[in-house]
Amino acid sequence: DDMLRTSIIAGGRQGSIRYQGDIAHFRTDGFRVHARQRATSGFGRAGITLGGTDYAIQYLGLDQPLAENPGAVTRTELETNPRVADAPSVRRNARKVVHQGQLGVSASRETHGGDASVLVFGGRRSLYNPLTFGIVDIGRTTSGASARFGRRVSSAQRITVGGDYQRQNDARRNYVTCADTVLIAIPTVSCPTPGSEKGALTLDQREIVSSTGVFANDEILLGRNFRFTIGGRMDEIKFDVRDHFITANNPDDSGDRTLRAWTPIAGIVARIAETSSAYANFSSAFETPTATELGNHPDGTAGINQDLDPQRSRTVEIGYRELGRSGIAYDAALFETRVRDELVSYEIPASNGRRFFRNAGHTTRRGAELGLTAGVGAAVLRTAYTWSDFIFDRYVTDSAVYDGNRIPGLPQHRLQLSALVGHTRRFIVIEGEGASSSFADDANTVRAPGFAVVHARAGVARLPAGLSLTAGVQNVLDRRYAPSLIVNAARGKYFEPAPQRTFYVIAGIGRR
């Protein structure tokens, strides 16, 4: 599919100055129709130590002039021609154009009694995003700062406190999409400029999101074999919308909303032997809707959705870990998470692919995880298994009751396997991954098929002139499958197909 990625990576030290960076260019025509991508990214970091304090400056940049979106397809399309794209996505030229950069400056210092660090950052991002239902054009600035201080109160106790502030300022404009009418020379109210994909303005607003948080954490050693941790975080997040598109038929939709939460944590680790330990954790989480999620109203109005609440969860986890005894390491865990007001995305038939969000009353997520690593001669075998039992306990919409249904998009069983044979100069790796079927909608009426795929690669390094080569095959058995689902999609468009059998070669040259 004409995929090519080229990258240059460099790093080193000159006196007390440390530096590292990379720049990469990526292009592909994509496995599917209407899936071309072009992107250049860069990263740079430089640091220096002065008077016992480490200073660093870091930059991240992305220039993505093209990222076409082929959209999701039906089950029949997945099985007959996974390369096909969603017809409205092609007709309306759905894609992204992104330009962004972020600069951060940090300082950290360690002392005999503790440590401290400070970070300040700022950035800009532009997004031009034609979609099937319209065109979204956003100009964004971000800024923030954080500070953390840790101190060892005694040989058995360490306290850490800190806080952070972040601000996001978006200028958002939405337009009618006229991409499927550009050849029509007759202007209309919605598409006043023939030949232009950008039609009439439908939304113009400033969206400001600010977040303030403080946290504290206390670690205590109890004897030689027990470590206890307790802490918590307080967050306040404010959404402020200022409507600039006010007419006789379009009232002022300005408004604001402030969300707050206290999220405690606690945990204990028991050292059973030199290479094994058991642990138990309690944690809580607070997830607000994004500005986009709060702004998408099924009735087409603008402003902040005052009815969409943040998602709050409580998790209990217990586990056991063994590292390295007789060449075998494993990690086993059981968990249960209870969620209130879980954020659920959905579409409606008239939305042309636009996503909306609502709250499910209560959900329970129970699961088990097992990871195993074993060394056998020159081979290393790894496996990871996850069992997930995720249920809507109480979930009622205006038209249906989903109590007792499974949460869609999440397979109950997932397994990963890998075998590495070789060493640092020559190696062969075979990997496998599989997942059971899962539901694609809240009503549990549509079931997405499970899948099992195999990947393989082999490589050789330290050739003359610092050359290294790796060759591989993704999806060796050429399976047709969709690891990504669009849950609660309209028009039966649930599936995002993965590439079929793909060959690749990686060549590298460099010196240390």
Side-chain angles (χ1 to χ4, degrees), residues 69 71-72 94 96 98 125 127-142 166-174 202-211 213 235-243 245 253-261 263 285-313 339-363 392 395-398 402 407-410 440-442 484-490 493-494 496:
N69 180 6
K96 284 183 181 180
V98 179
R125 173 183 170 94
L127 169 66
Y128 182 70
N129 191 195
L131 296 161
T132 54
F133 57 84
I135 295 175
V136 178
D137 194 352
I138 299 176
R140 170 177 296 170
T141 60
T142 58
Q166 298 182 72
R167 178 181 172 90
Q168 176 179 294
N169 189 329
D170 287 357
R172 179 187 297 268
R173 294 182 177 88
N174 291 356
T202 60
L203 183 144
D204 182 2
Q205 64 188 27
R206 177 73 62 175
E207 300 171 350
I208 301 173
V209 185
S210 58
S211 168
D235 285 286
E236 179 179 278
I237 301 174
K238 182 176 182 181
F239 297 85
D240 184 7
V241 172
R242 303 170 187 177
D243 191 357
F245 188 55
D253 292 306
S254 300
D256 61 72
R257 190 174 178 190
T258 301
L259 304 172
R260 301 180 180 89
T263 48
F286 169 70
E287 180 181 342
T288 70
T290 67
T292 298
E293 292 169 0
L294 284 171
N296 286 358
H297 297 256
D299 60 5
T301 59
I304 295 178
N305 187 341
Q306 299 290 340
D307 297 323
L308 188 63
D309 292 323
Q311 174 178 302
R312 303 169 189 266
S313 63
V339 183
R340 176 162 57 94
D341 294 324
E342 178 155 340
L343 293 166
V344 178
S345 63
Y346 67 100
E347 295 178 9
I348 57 178
S351 68
N352 290 320
R354 191 175 189 180
R355 306 290 292 175
F356 304 101
F357 297 83
R358 60 193 175 203
N359 295 114
H362 290 275
T363 64
F392 291 121
Y395 181 17
V396 180
T397 69
D398 294 337
Y402 299 130
I407 298 176
L410 301 165
D441 61 340
D442 293 343
S484 174
L485 296 178
I486 305 298
V487 299
N488 295 319
K493 304 278 188 172
Y494 298 102
E496 293 186 308

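As a basis for the values below, the full set of heavy atoms in this structure was taken, side chains included, without hydrogen atoms, waters or symmetry mates.
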How far does [atom1] of [X] sit from [atom2] of [Y], to the nearest 0.5 angstrom?
X: I304; Y: S254; atom1: CD1; atom2: OG; result: 9.0 Å
X: K493; Y: L485; atom1: NZ; atom2: CG; result: 15.0 Å
X: H362; Y: R340; atom1: NE2; atom2: CZ; result: 6.5 Å

Below 4.5 Å, heavy atoms only, C-beta onward: do [X] and [Y] meet side chain to side chain?
X: F239; Y: L294; value: yes
X: L259; Y: P289; value: yes
X: F286; Y: I237; value: yes
X: R125; Y: T142; value: no
X: L308; Y: F357; value: yes

### Task
Just do the side chain to side chain contact (heavy atoms under 4.5 Å, CB included) check on V209 and R167 with the steps written out, would you?
CA-CA 6 Å; V209 185; R167 178 181 172 90; over 6 Å; no

### Ionic contact status for E347 with R355, cut-off 4.0 Å
yes

Would you name the heavy atoms of [X] and [Y] that are closest together and state the gap between them?
X: V487; Y: S345; value: CG2-OG, 3.8 Å
X: P408; Y: A440; value: CB-C, 3.8 Å
X: Y128; Y: I135; value: CE1-CG2, 3.6 Å
X: G71; Y: N69; value: N-OD1, 3.0 Å
X: A291; Y: E207; value: CB-OE1, 3.9 Å

How would you list, by chain and number, every residue that makes a salt bridge (Lys or Arg N to Asp or Glu O under 4.0 Å) with [X], sequence neighbours excluded?
X: D235; value: R233
X: D240; value: R242
X: D341; value: none
X: R173; value: D204

Would you please name every residue forming a side chain to side chain contact (heavy atoms under 4.5 Å, CB included) with [X], sequence neighbours left out?
X: T290; result: T292, E293
X: R260; result: E236, T258
X: A360; result: E342, V344, T363, F392, Y395
X: N129; result: K96, L127, L131, V136

### Message
According to salt bridge (charged side-chain N to carboxylate O under 4.0 Å, His left out), does anything in residues 127-138 pair up with another residue at least two apart or in another chain? List the pairs.
### Response
D137-K198

### Task
May I have all residue pairs that pass salt bridge (charged side-chain N to carboxylate O under 4.0 Å, His left out) and include part of residues 300-313, sequence neighbours excluded?
R257-D309

## Note on the structure
With sequence neighbours left out, the residues meeting side-chain hydrogen bond (donor to acceptor under 3.5 Å, both in side chains) with T141 are none

### Query
Can you name the side-chain hydrogen bond (donor to acceptor under 3.5 Å, both in side chains) partners of Q168, sequence neighbours left out?
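Scan of Q168 (side-chain hydrogen bond (donor to acceptor under 3.5 Å, both in side chains), adjacent residues dropped) gives D170.
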
### Task
Answer yes or no for R358 and Y346: cation-pi contact, defined as NZ/CZ to six-membered ring centre under 6.0 Å and angle to ring axis within 45°.
yes

### Query
Could you go step by step and tell me if V241 and I208 meet the side chain to side chain contact (heavy atoms under 4.5 Å, CB included) rule?
CA-CA 6 Å; V241 172; I208 301 173; over 6 Å; no

### Task
Determine, stepwise, if the pair R206 / N169 fulfils side chain to side chain donor-acceptor pair (under 3.5 Å).
CA-CA 7 Å; R206 177 73 62 175; N169 189 329; 3.0 Å; yes

### Verdict with reasoning, D441 to N488, per side chain to side chain donor-acceptor pair (under 3.5 Å)
CA-CA 5 Å; D441 61 340; N488 295 319; over 6 Å; no

### Query
Would N296 and F356 satisfy side chain to side chain contact (heavy atoms under 4.5 Å, CB included), going step by step from the backbone distance to the final call?
CA-CA 6 Å; N296 286 358; F356 304 101; 3.9 Å; yes

